[in-house]
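Report on one structure; see the data block that follows.
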Amino acid sequence: MMTGSEHTREAERLAASAETWMDADHGWRAEMSTQERILRRSVDLQAAQVHATLAQTAAANEYIPLMRQALAELAPHAEATAEATAEEGAS
């Protein structure tokens, strides 16, 4: 199972790899047709998008519990502020 950071690194690696498919003037990639290189570039970019999405999901999963805790801690203060505001408005 990959962490959010690992998904981010993999997305970056795949995005960089995607760019190399079109700059293939030498080596074994140069022997491929333009259509095949475009297809492989598309596959790398799609995989990079999936990893980027998974990285965002992992970050959200880490963030949501922290926000719930912060909101729970702030709730009593928010209620007191709302009551004070209501009392001021009634006067």
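- One N or O on the side chain of T53 and one on the backbone of Q49 form a donor-acceptor pair closer than 3.5 Å.
- When all heavy atoms are compared, the tightest approach of A15 to A48 is N-CB, 3.9 Å.
- A side chain to side chain donor-acceptor pair (under 3.5 Å) with H51 is found for one member of E6, Q46, H7 and no other, namely H7.
- Between the CG atom of L39 and the CG atom of D44 there is a distance of 10.0 Å, given to the nearest 0.5 Å.
- One finds the CD atom of E10 at 13.5 Å from the OG atom of S5 (value rounded to the nearest 0.5 Å).
- For the atom pair OG1 (T3) and CD (E62), the distance works out to 8.0 Å, reported to the nearest 0.5 Å.
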Quick one: do R9 and E12 satisfy salt bridge (charged side-chain N to carboxylate O under 4.0 Å, His left out)? Show the steps, please.
CA-CA 5 Å; R9 283 191 296 276; E12 291 169 349; over 6 Å; no

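- Here the closest non-hydrogen pair linking P65 and A60 is CD-O, 4.5 Å.
- The OG1 atom of T8 sits 10.0 Å away from the CG atom of L54 when rounded to the nearest 0.5 Å.
- Here the closest heavy-atom approach between residue A11 and residue A52 is recorded as CB-N, 3.8 Å.
- One finds the CH2 atom of W21 at 7.5 Å from the CD atom of E36 (value rounded to the nearest 0.5 Å).
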